[in-house]
Amino acid sequence: MDIHEYQAKEVLSNFGVEIPAGALAYSPEQAAYRAREMGGDKWIVKAQVHAGGRGKAGGVKLCDTDDEIQSACEDMFGKKLVTHQTGPEGKGIYRVYVEAAVPIDREIYLGFVLDRTSQRIMIVASAEGGMEIEEISETKPESIVRSTVEPAVGLRDFQAREIAFKLGIEPGLTQAMVRTLQGCYLAFRELDATMVEINPLVVTGDNRILALDAKMTFDDNALFRHPQISELRDKSQEDPREARAADRGLSYVGLDGNIGCIVNGAGLAMATMDTIKLAGGEPANFLDIGGGATPERVAKAFRLVMSDENVQAVLVNIFAGINRCDWVAEGVVQALKEVKVDVPVIVRLAGTNVEEGQKILAKSGLPIIRATTLMEAAERSVAAWKSDHPLNLKAV
Ligand code: ADP
Ligand code: MG
């Protein structure tokens, strides 16, 4: 789960990371009011969307007066901000953050990620801040400092000092840099984050180290033990299909193709997507309905898949190990009676009680296209999607 910049700043500041003064606003008037309340004479108005690259896309504006704050906000509220990270559809702006403008001396890139190779939290930093890390690794790869943290001992101060030294932080600010690194590391670990990024972390004209931007992503599977983080979820920033699935306890990732997939087990779902591609099609989604594929779950999955208007065929691929094919078949039949499915449906069942399952599908009288192997299922899905009148395709 992603959170907003202002939320990540608050989280990190609770762990000792220094941030500029700032306040959240839900309207242009409120933004101006909160800036007056904060004091100062220069403010930055920042669109709160779950994406980076806002500066270049007009989502970060420097303002000197009340009027400028209001008009910057009017350009933002209710609009979609399109950055290189949002995709062409953009993300809606419903909140802005007003922050004290800070005199910047140096911009540093600082990131914490999970390094799967070493199975450790890795700190990635560069003295070439202000650019995206992808750009830094292309243009200034030698400037990148990497350091992995041994989980049994945690981030030690000497290790943090070493990073500060490699970034060329002046000696008087080493302690502040160590506090920043320790704060990010603790927040990452304590809250089950998968990513913390501060870009830029700045050294100010008045010799402070401040996080001017902040991004955090959390492990969805650990959210149950962090209710205070779950509360920060903002559904307006999520793919509506994925949000609906998460609310129903299904693992769903929306994709661009047109063959909807209903599968049990993440590995089988991945294999199904691969096979569809191999057969010349494009999957519309990844959907794992999990172990117990009850009729209700199957119906929920159909509803979800059919809510994607790009879907032109649905492939149900179930391998029944603990499950039973006859139950699943009943689920499919029930779902097709309950949910309006006006595209061809291809079903491949394998495993326990497969013959029973096939009989139930055959007896239902529904125009279900059946398949025995995964390849056959994928080929029939692609054929059904490609045919001009897919609904006329004979059930086999
Ligand atoms: P994004 O990464 O989405 O473009 P940032 O929060 O990093 O958004 O802002 C873009 C740029 O705006 C920063 O690199 C920094 O140069 C400038 N900036 C952001 N916040 C402030 C601030 N409080 N004071 C001064 N400059 C800022
Ligand atoms: Mg940034």
Side-chain angles (χ1 to χ4, degrees), residues 1-19 46 48-55 59 83-87 91 97 107-126 128-138 141 143-151 154-155 159-160 163 167 177 180-202 210-226 228-235 237-239 242-243 246 251 253:
M1 185 186 84
D2 293 331
I3 60 173
H4 287 295
E5 171 200 3
Y6 77 93
Q7 296 168 329
K9 279 180 167 161
E10 189 176 331
V11 168
L12 292 173
S13 84
N14 287 336
F15 282 87
V17 175
E18 271 208 73
I19 55 169
K46 308 176 85 174
Q48 296 301 293
V49 293
H50 286 182
R54 296 166 301 164
T83 82
H84 67 277
Q85 288 185 5
T86 59
K91 298 229 164 172
Y97 191 51
E107 297 194 314
I108 292 162
Y109 174 90
L110 179 61
F112 288 67
V113 288
L114 264 182
D115 177 41
R116 294 185 189 277
T117 314
S118 62
Q119 302 180 7
R120 301 273 188 278
I121 294 173
M122 183 189 265
I123 302 171
V124 181
S126 167
E128 304 285 333
M131 286 188 267
E132 304 292 330
I133 188 68
E134 293 81 9
E135 201 181 335
I136 302 174
S137 62
E138 250 175 48
S143 76
I144 298 177
V145 177
R146 288 187 182 81
S147 185
T148 51
V149 183
E150 171 57 48
L155 178 64
Q159 190 180 356
I163 295 167
L167 292 171
M177 187 65 193
T180 305
L181 289 163
Q182 290 288 17
C184 292
Y185 174 74
L186 277 180
F188 191 112
R189 241 190 106 140
E190 297 292 307
L191 301 173
D192 292 305
T194 53
M195 196 269 294
V196 172
E197 184 182 70
I198 301 182
N199 188 24
L201 179 73
V202 300
L210 293 181
L212 283 207
D213 191 6
K215 256 197 202 165
M216 283 186 88
T217 306
F218 297 90
D219 183 347
D220 292 338
N221 295 317
L223 277 178
F224 71 92
R225 56 186 185 192
H226 303 293
Q228 76 284 23
I229 299 296
S230 316
E231 208 169 58
L232 304 179
R233 182 169 170 201
D234 180 358
K235 288 189 197 169
Q237 301 293 309
E238 296 175 10
D239 180 328
E242 287 175 23
S251 307
V253 181

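When every heavy atom of A125 is checked against every heavy atom of L110, the shortest pair comes out as CB-CD1, 4.1 Å. The heavy-atom pair separating I163 from S147 by the smallest distance is CD1-CB, 3.9 Å. The two residues I136 and S143 have their closest heavy-atom pair at CG2-OG, 3.5 Å. Looking at every heavy atom in both residues, Y6 comes nearest to Y97 through CB-CD1, 3.5 Å. Closest of all the heavy-atom pairs between V17 and A211 is CG1-CB, 4.0 Å. Across A243 and E238, no two heavy atoms sit closer than the pair CB-OE1, 3.5 Å.
Rounding to the nearest 0.5 Å gives a distance of 8.0 Å between CG of L167 and CG of L181. Taking CD1 of I133 as the reference point, atom CD of E138 lies at 11.5 Å (rounded to 0.5 Å). Of the inter-residue distances, the one linking M122 atom CE with L114 atom CG reads 10.5 Å to the nearest 0.5 angstrom. Atom-to-atom distance recorded for I19:CD1 and D213:CG is 12.0 Å, nearest 0.5 angstrom. Taking NZ from K9 and CG from N14, the interatomic distance works out to 14.5 Å, rounded to the nearest 0.5 Å. Taking CG of L12 as the reference point, atom CG of L186 lies at 11.0 Å (rounded to 0.5 Å).
You'll find the side chain of H84 reaches within 4.5 Å of the side chain of E132, heavy atoms only. Between V124 and V113, some side-chain heavy-atom pair lies under the 4.5 Å cut-off. Residues I121 and L155 form no side-chain contact, since every pair of their non-hydrogen atoms from C-beta on lies 4.5 Å or further apart. For the pair V149/F112, no side-chain contact is recorded, criterion being any heavy-atom separation below 4.5 Å from C-beta on.
Here the rule is side-chain hydrogen bond (donor to acceptor under 3.5 Å, both in side chains) with Q48, and of E5, Q237, H4 only E5 fits it.
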Could you go through residues 216-223 and list every donor-acceptor pair under 3.5 Å that involves a side-chain atom there, pairing it with any protein atom two or more places apart or in another chain?
| from | atom 1 | to | atom 2 | distance (Å) |
| --- | --- | --- | --- | --- |
| T217 | OG1 | D2 | OD1 | 2.9 |
| D219 | OD1 | N221 | N | 2.9 |
| D220 | OD1 | M1 | N | 2.7 |

Is there a side-chain contact (heavy atoms from CB on, under 4.5 Å) between M177 and L201? Walk through the geometry before answering.
CA-CA 10 Å; M177 187 65 193; L201 179 73; 3.7 Å; yes
Candidate pair E197 and Y109, rule side chain to side chain donor-acceptor pair (under 3.5 Å), full reasoning:
CA-CA 8 Å; E197 184 182 70; Y109 174 90; 2.7 Å; yes
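The number of heavy atoms from other shown groups lying within 6.0 Å of CZ (R189) does not exceed 12. By the neighbour-count criterion of 12 heavy atoms within 6.0 Å, atom CD of Q119 is sparsely surrounded, having that number or fewer from other residues, nucleotides or ligands.
Remark: side-chain polar atoms of D234 are not paired, donor with acceptor, to backbone N or O of I3 under 3.5 angstrom. Side chain of T83 to main chain of G52: a donor-acceptor pair is present (N/O by atom type, distance under 3.5 Å, no hydrogens or angles).
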